Structure formats: C-alpha cells, structure tokens
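First the proteins, then the strands, lettered A, B, ... as listed; each starts at 1. All values reported here derive from a predicted model rather than from experimental measurement.
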Amino acid sequence: MDKHDADLALVRRAQSGDKQAFNLLVQKYQYRVKHLVCRFVSNQADQDDVVQESFLKAYRSLANFRGDSAFYTWLYRVTVNTSKNFLVSRSRKLSSFESIDGDSMFGQENSTHLVENASPEVVTKNDRLVEAIKQAIEELPQELKEAIQLREIDGMSYEDIAQLMKCPIGTVRSRIFRARESIRRSISDHV
Amino acid sequence: MNGNFPVNEKLSQLVDGELDDFESEQVLDALTKDAGSQRGWGIYHLIGDVMRGEVDQVGTNLAGRIEQTLSAEPTVLRFPAADEVKDENRREQKIVKPAAIFTIAASVLIFAILMFSPQDNDQVIPDPDSLASAPADIRQMDALTQEFEGMLANHGEFTATPGLNGLIAYVKFVSKQEPQIRNR
C-alpha cells in the first residue's frame, strides 16, 4: 500500500482555501528553512525576516505548485531565491548608503519586518529548550532511543526498523510514539 | 503553557508517513481543527529537527508570527487543471475496470461450470451434429442455454461490446464515467 504523502495532502487542502493546512506545513518546516537561511544570512533578526518572507512567497505562489516535485524541494528553491534576493537588496542599500541619508534606507523592503529582535532572556530560554530535548533523548531507554534515531536520523520506515530491531512493526510504532511522548513530557516546562 | 494536548499514536504515525490515505485524511481533518494536536505536531517535528541538527535556535514563536501574517493574506485557491482531473480519472479507471472485468469473468465462469458441468467423468460434450441422437438431458441443457442467450439478446438492455465473444458480449461493464442521461 502506498504511503500517504501528508505534505501533498496539506498542500491540496491549502490550495482549497484551508490556511490552517499551510500553517501546519510552516510548523513542520520552519526550522529546516531557518537552517537553510542561516547559510546566507548571519544576522538573527534578518534570518527570521527571510524565513517569514520565504513562507509568504511560498503561500502566494502555492496555486502554481502541481505536486511534480516534493513540497520541500519546491520550498527549498523558494527559500534560496528569497535569501539571495535579500542579499542583493542589502548589498545595493549598503553601496548607496553614502549617497542617501539613513532614514530612506528603511520602509522600502518587500518583506514585513518582524517587530523586534528577541530579547537575550528569550534567546537563552530557547537555547535551553534545544538542550532539554537533547538531554531527554539521551535519557531514553535504549530500545526507544534506537527506534526514534533510526526513524528520525536514518529515515528508515517502520518496516525496515522492525527488521533491524527484530520486533513487530506494532512494537516499532509504539516505541517511537513513547519516545516522542517521553521527550515531550520532559520539555513541558520549556514550552 | 502545559504540555497537555490530545496527541496519540496516529499523529505520530502521520508524522512518519506511516498511515494509509484514509486514516491520514481522518487525522488531518482533526489536526487542522484542534489547537492541542497542532502543538503536538509542532513538537514532534521539532524533536526530529533537533535530532538531525537542523535547529540552530528555536526562535520566538516564528510559526505563530507567520500564521498571523498569513491571516491577512488573500486566500489562495487553485482549481486542478483539466489534464490533472483526467489523470485522476484514468488512475481510478485503471483500478475499477480490471476489477470489474475479473468479477464478471468469474461470475460467467461459475455460471458456465454450473450449466455445463458433465454428469459423470466419462461424458463427452457432443458436437451439434450429434445432438439429435444425444441423451435427453444434454438436449435439455442445450435448449436452456439457447433460451438464455436469446433472452439476453432480446431484452436489449445490455450492449454487445465489440471484440468480445460469447456471453461476455452481453454483460454490462461498470466504469467510473459520467452517467449518460437518456433522452425520453
């Protein structure tokens, strides 16, 4: 039986007017997109701007997505183009900085600038969240840790994991779910 | 914010792409409507991203702010192109037609076995020329068959499909096509 493509199903729902479906795609890919943007943009606030602009551009051109490629492949291209456009735009501003006054540099971007940079306290809290997740993974019972690592890092299917771990598919399904729930409970104070 | 939300094993399987189409659509229906499940969806994906080293920094509710910005965007609507609809119908026909043909063929075979099964192992089905001298029960079976075929032809409800012989020619094929409206 063919596995269900959840991304494509969410895209189809978004194309039918369900914005919440697109928000689920944002939640799924926000960190991967930001990780990609970081290769082009070093400033934290600028990174968030470019991430937001990438998703906005993706949403605005979603009607053009036919499903010929994977959704993330398409989103990847949108993000790279948005990042490059940002760099070009910024370099033009920097090169014309001496000929214009500082006030006219602002208000001309296409992107909606995020209101403010994160405060140091918020940044520290979110770093702690990442550390808490890593710690929770390390503290998992071995069979749960192995199952979720094979799934998330090696990208193996439940069937392949079951063969490797020599257990039924139902056991794999249960171990991965229990691993996620254990991590979620461990980080509940941080979210 | 506490961590209580109605996630379950189905959501975990959906994240891994391990549900079939029907179950996936059911879980997606619930997911798009339930804020608690949406938080679970986000956390499950965050866990995977952290494990793969794809999270530099969690950030300050980036998804929430994007959602807020999107709410002001005009809603995207896309209508599938005609060739995409044809492809979808063709894919469905590829499943329905062979299944229908197989079912009908199996029914006809069973009918043929019941109608034409020999009375005993030594009996040979006679050729038409020898029917006159055939035993009465064989003549009766042949008469029944002819009557049945005549009934099918006379009623005219079933249209013979070109290229197919025998009883199958009078059997109606079902496929996923637009119904034709009969002019009265």
Side-chain angles (χ1 to χ4, degrees), chain A residues 1 3-6 9-10 13-24 26-28 30-32 34-35 38 44 48 51-52 55-56 59-60 62-63 66 112 114 118 122-123 126-127 129-130 133-134 137 148-149 151-153 157-158 173-174 176-177 180-181 183-185 187-188 191, chain B residues 1-5 7-9 11-25 27-28 31-33 38-60 62-67 69-71 73-81 84:
Chain A
M1 184 187 305
K3 295 288 170 55
H4 184 262
D5 186 343
L10 286 169
R13 284 168 183 250
Q15 289 172 334
S16 301
D18 184 356
K19 277 187 181 175
Q20 192 51 47
F22 190 81
N23 289 331
L24 290 172
V26 172
Q27 283 190 42
K28 179 174 178 179
Q30 58 175 321
Y31 300 115
R32 228 181 291 187
K34 185 164 180 183
H35 190 64
C38 286
Q44 162 76 18
D48 288 352
V51 169
Q52 176 167 297
F55 278 112
L56 274 178
Y59 183 74
R60 288 169 186 157
L62 198 64
R66 287 169 60 109
T112 305
L114 293 177
V122 174
V123 169
N126 290 323
D127 287 337
L129 174 57
V130 172
I133 291 173
K134 291 178 180 175
I137 292 165
I148 195 169
Q149 282 176 335
R151 174 63 216 135
E152 293 287 10
I153 298 174
S157 67
Y158 285 7
R173 186 185 307 142
S174 170
I176 291 172
F177 171 63
R180 286 177 171 141
E181 281 297 289
I183 296 166
R184 181 186 66 76
R185 280 192 298 272
I187 66 172
S188 59
V191 294
Chain B
M1 166 181 162
N2 63 27
N4 295 328
F5 44 84
V7 290
N8 54 31
E9 220 171 276
L11 182 61
S12 179
Q13 290 174 63
L14 178 72
V15 165
D16 295 330
E18 292 280 345
L19 289 179
D20 62 32
D21 287 358
F22 180 71
E23 281 187 310
S24 290
E25 291 297 327
V27 177
L28 284 174
L31 189 56
T32 51
K33 297 179 180 67
Q38 287 158 25
R39 284 195 295 277
W41 167 267
I43 288 179
Y44 282 3
H45 283 295
L46 174 59
I47 291 169
D49 290 339
V50 169
M51 292 180 75
R52 286 184 293 274
E54 289 172 336
V55 180
D56 303 290
Q57 202 170 53
V58 173
T60 53
L62 186 55
R65 288 187 292 183
I66 294 172
E67 181 177 345
T69 309
L70 273 176
S71 64
E73 284 286 310
T75 302
V76 160
L77 283 175
R78 177 179 184 268
F79 302 98
E84 288 177 339

Peer 1: With rounding to the nearest 0.5 angstrom, report the CD1 to OG distance, A:Ile148 to B:Ser12.
Peer 2: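 It is 7.5 Å, given to the nearest 0.5 Å.
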
Peer 1: How many angstroms lie between CD in B:Glu73 and CZ in A:Arg60, if you round to the nearest 0.5 Å?
Peer 2: 4.0 Å

Peer 1: Are any of the side-chain heavy atoms of A:Tyr158 and B:Gln13 separated by less than 4.5 Å?
Peer 2: yes

Peer 1: Check A:Arg13 against B:Thr32 and note the closest heavy-atom contact, atom names and distance.
Peer 2: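 Nearest pair, atom of A:Arg13 first, then B:Thr32: NH1-OG1, 4.1 Å.
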
Peer 1: Distance check, rounded to the nearest 0.5 Å: B:Asn8 atom CG versus A:Phe177 atom CZ?
Peer 2: 6.5 Å

Peer 1: Among A:Arg173, A:Glu181, A:Arg180, which residue satisfies the side chain to side chain contact (heavy atoms under 4.5 Å, CB included) criterion with B:Glu9?
Peer 2: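 For B:Glu9, the side chain to side chain contact (heavy atoms under 4.5 Å, CB included) check succeeds only for A:Arg173.
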
Peer 1: Could you tell me which non-hydrogen atom of A:Ile133 sits nearest to which non-hydrogen atom of B:Ile47, and how far apart they are?
Peer 2: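 Closest approach of A:Ile133 to B:Ile47: CG2-CA, 4.4 Å.
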
Peer 1: Measuring heavy-atom distances to chain B, does A:Ile137 have an atom under 4.5 Å in its side chain, in its backbone, in both, or in neither?
Peer 2: side chain

Peer 1: Looking at every heavy atom in both B:Ile66 and A:Phe55, which two are closest together, and how far apart are they?
Peer 2: CD1-CD1, 3.6 Å

Peer 1: Tell me, for A:Lys19 versus chain B, whether the close heavy atoms (under 4.5 Å) come from the side chain, the backbone, both or neither.
Peer 2: side chain

Peer 1: Working to the nearest 0.5 Å, report the span between CD of B:Glu18 and CD1 of A:Ile176.
Peer 2: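 That separation rounds to 7.5 Å.
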
Peer 1: How close do B:Glu25 and A:Ala9 get, heavy atom to heavy atom, and via which atoms?
Peer 2: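 Distance-wise, the nearest heavy atoms are OE2-CB, 3.6 Å.
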
Peer 1: Name the region of A:Arg185, side chain, backbone, both or neither, that has any atom closer than 4.5 Å to a heavy atom of chain B.
Peer 2: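 Answer is neither: A:Arg185 stays 4.5 Å or more from chain B.
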
Peer 1: Specify the closest pair of heavy atoms between B:Leu14 and A:Ala6, including all atoms of both residues, with the distance to one decimal.
Peer 2: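 Looking at all heavy atoms of both residues, the closest pair is CD1-CB, 4.1 Å.
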
Peer 1: Taking salt bridge (Lys or Arg N to Asp or Glu O under 4.0 Å) as the test, write out the residues that go with A:Arg151, two or more places apart.
Peer 2: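 A:Arg151 satisfies salt bridge (Lys or Arg N to Asp or Glu O under 4.0 Å) with B:Asp16 once adjacent residues are dropped.
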
Peer 1: Can you measure from CD1 (B:Ile43) to CD1 (A:Ile187) and round to the nearest 0.5 angstrom?
Peer 2: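 Going from the CD1 atom of B:Ile43 to the CD1 atom of A:Ile187 covers 5.0 Å.
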
Peer 1: Evaluate the criterion side chain to side chain contact (heavy atoms under 4.5 Å, CB included) for residue pair A:Asp48 and B:Arg65; output intermediate values, then yes/no.
Peer 2: CA-CA 10 Å; A:Asp48 288 352; B:Arg65 288 187 292 183; 3.9 Å; yes

Peer 1: Mind checking what makes salt bridge (Lys or Arg N to Asp or Glu O under 4.0 Å) contact with B:Glu54, not counting sequence neighbours?
Peer 2: A:Arg32, B:Arg52

Peer 1: Can you measure from CG (A:Asp18) to OG1 (B:Thr75) and round to the nearest 0.5 angstrom?
Peer 2: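 Going from the CG atom of A:Asp18 to the OG1 atom of B:Thr75 covers 10.0 Å.
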
Peer 1: Please give me the minimum heavy-atom distance between B:Ala63 and A:Gln27, naming the atom from each residue.
Peer 2: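 Nearest pair, atom of B:Ala63 first, then A:Gln27: CB-CG, 4.1 Å.
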
Peer 1: Quick one: do B:Glu67 and A:Val26 satisfy side chain to side chain contact (heavy atoms under 4.5 Å, CB included)? Show the steps, please.
Peer 2: CA-CA 8 Å; B:Glu67 181 177 345; A:Val26 172; over 6 Å; no

Peer 1: Would you say the side-chain atoms of A:Tyr59 pair up with the backbone N or O of B:Val76, donor to acceptor, closer than 3.5 Å?
Peer 2: yes

